[in-house]
Amino acid sequence: MPSEDRDRLQAVLEALPAGAVLQSPADEVLAVNAKFVGMFDLAGRVDLSPGSPMRAVVPLVRAFFAGTGPGAADGLQTRGHVHRTAEIPLADGRVIRREVEPLRHGGVSLGALWVFQDITERKRREHDLERDNRALTELARQRNAFTAAASHELRTPLTSILSFCELLADPAFGALTADQRSFLDAVHRNADRMQRVIADLLLTTRMRAAALELEFGAVDVPGMLQEAVLDRLAAAKDPGVFTVLDCAPGPALRGDRHRLQHVLANLLENAAKFTPPGGRITVTAAPRDAHWEIEVADTGIGIPEKYREEIFTGFVRAPNAEGGGYPGTGLGLAISRTVVQLHGGTLTAGGTEGEGAAFLIRLPVDGPAEGAGGEGGDAWAEGPGGAEGVPL
């Protein structure tokens, strides 16, 4: 090889961010870079000049491998003419990623390029992340257990409070003054609100534990929407908000009607909560491209654009809702998106801040796809095959 070409080749190898050896078809050294020499402390211990035998280099490199011996050496044999990768632990605690790339031109073998990269820090970070993930998983389990236990403990006294509110409101127990009726309504209203929060906490815990089961069946979308709107109107404490339903006819949807009604109730309650008297809530729905699209829009305070994804995280609320004195936990939207996703659909937020919010549900008519998901590979596994020549 002309000296000028050899210099270019050496410059390329030195520019690589890892140790590298270029091997000839005759198992001779064509070129090595300084990173490879330093990685295995080869300076002055072996001839690495062009044309020197690779077999003299092999035992010096393999001496660094952890657990070397006949079995380890056999496992490092390289046969065939394909790309080969391995992650090799060294005796000094380092981990080296070895890649062998056969070189060919016009069907003729030109040798192989061996690349050795120190991935010790990366593996250490991966190990630390795995350890932190295990710790977080345990904390999440404890949190879920605490939430479930606390919610169950709170349900019993709340049930009693609501029952006594109903008894006190009964005329058979005597007439109430206007102030007494107002106080009793406040107790009932807040106890009922606490009961809904507890129900959301329990549902959130079940979803985090992957224990939420859906009962799929044929759902009449127009009928479901009409029922959800009528339920909202019956429970409304804000008669000044006008509600409009516009639903086109379409096919039955495969889904869990009860859970989907819960989603609609959450969206309608939010719309009513953030819309001032004289405002409007509009529910529109129509089938489109094998999906049902349902939108719940209002003329309330709207959602700042930068928070239109964050509000679907549990206990997160937009600043204009947090600072405006509107009650809520931020769980409703997180639950709603999870239920929609379990149906194979999407729930997104839109609208304009100060003019109103719009939530769009998109659900596949046939329900979620069966058998969705996949499995990842083993990052430590070494694929079959290898490069020709001397084993390293």
Side-chain angles (χ1 to χ4, degrees), residues 1-91 94-120 122-123 126 374-392:
M1 179 185 298
S3 60
E4 186 177 345
D5 291 344
R6 192 181 303 277
D7 291 343
R8 288 197 186 97
L9 176 60
Q10 189 65 41
V12 170
L13 289 186
E14 294 297 344
L16 293 177
V21 181
L22 190 60
Q23 171 194 0
S24 75
D27 293 343
E28 296 175 342
V29 175
L30 289 178
V32 299
N33 65 4
K35 294 183 181 68
F36 175 76
V37 174
M39 184 177 291
F40 296 105
D41 191 24
L42 298 177
R45 299 175 60 207
V46 65
D47 184 8
L48 294 172
S49 61
S52 58
M54 284 283 289
R55 292 191 178 277
V57 182
V58 173
L60 296 178
V61 173
R62 271 209 327 234
F64 279 80
F65 295 175
T68 56
D74 291 343
L76 294 168
Q77 294 296 322
T78 56
R79 303 183 180 91
H81 302 270
V82 296
H83 174 83
R84 187 176 177 86
T85 302
E87 290 183 0
I88 303 170
L90 303 188
R94 290 179 294 165
V95 180
I96 299 296
R97 179 181 175 86
R98 185 203 67 194
E99 295 188 62
V100 187
E101 188 66 51
L103 304 177
R104 297 183 184 84
H105 181 70
V108 178
S109 174
L110 301 180
L113 175 64
W114 298 72
V115 178
F116 296 82
Q117 185 176 10
D118 189 336
I119 59 171
T120 307
R122 193 189 79 187
K123 301 304 292 187
E126 289 177 359
E375 297 182 358
D378 183 355
W380 288 88
E382 180 180 0
E388 61 175 337
V390 180
L392 284 180

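Predicted, not measured: the structure shown is a model, and the values here were computed from it.
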Backbone N/O of Leu110 and side chain of Gln23: donor-acceptor pair under 3.5 Å: no

If you look at every heavy atom in [X] and [Y], which pair is closest and at what distance?
X: Arg104; Y: Ser109; value: CG-CA, 4.3 Å
X: Lys35; Y: Pro17; value: CD-C, 3.9 Å
X: Val37; Y: Ala43; value: CG1-N, 3.5 Å

Pair Glu101-Val115, side chain to side chain contact (heavy atoms under 4.5 Å, CB included): steps then yes or no: CA-CA 8 Å; Glu101 188 66 51; Val115 178; over 6 Å; no

Set of residues satisfying side-chain hydrogen bond (donor to acceptor under 3.5 Å, both in side chains) with respect to Arg94, sequence neighbours excluded: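 side-chain hydrogen bond (donor to acceptor under 3.5 Å, both in side chains) check on Arg94 returns Asp92.
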
Non-neighbouring partners of Asp118 that pass side-chain hydrogen bond (donor to acceptor under 3.5 Å, both in side chains), sequence neighbours left out: Thr120

Working for side chain to side chain contact (heavy atoms under 4.5 Å, CB included), residues Phe40 and Phe116: CA-CA 10 Å; Phe40 296 105; Phe116 296 82; 3.9 Å; yes

Working for side chain to side chain contact (heavy atoms under 4.5 Å, CB included), residues Val57 and Phe36: CA-CA 11 Å; Val57 182; Phe36 175 76; 4.2 Å; yes

Inter- and intrachain pairs under side chain to side chain donor-acceptor pair (under 3.5 Å), touching residues 43-53, at least two apart: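 Those involving residues 43-53 are Asp47-Ser49.
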
Derivation and outcome, side chain to side chain contact (heavy atoms under 4.5 Å, CB included), residues Val21 and Leu48: CA-CA 10 Å; Val21 181; Leu48 294 172; over 6 Å; no

By side-chain contact (heavy atoms from CB on, under 4.5 Å) - contacts of Ala20 (at least two apart):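 By the side-chain contact (heavy atoms from CB on, under 4.5 Å) rule, Ala20 matches Leu13, Leu16, Asn33, Leu113.
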
Counterpart residues, side-chain contact (heavy atoms from CB on, under 4.5 Å), relative to Arg122 (two or more places apart):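 By the side-chain contact (heavy atoms from CB on, under 4.5 Å) rule, Arg122 matches Glu87, Ile119, Arg125, Glu126.
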
Gap between atom CG of Asp7 and atom CD of Glu4 - 0.5 Å precision: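 So the CD of Glu4 and the CG of Asp7 are separated by 8.0 Å.
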
Qualifying residue for side chain to side chain contact (heavy atoms under 4.5 Å, CB included) with Met39, from Val61, Leu90, Ile96: Ile96

Set of residues satisfying salt bridge (charged side-chain N to carboxylate O under 4.0 Å, His left out) with respect to Glu14, sequence neighbours excluded: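 So Glu14 forms no salt bridge (charged side-chain N to carboxylate O under 4.0 Å, His left out) with any residue.
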
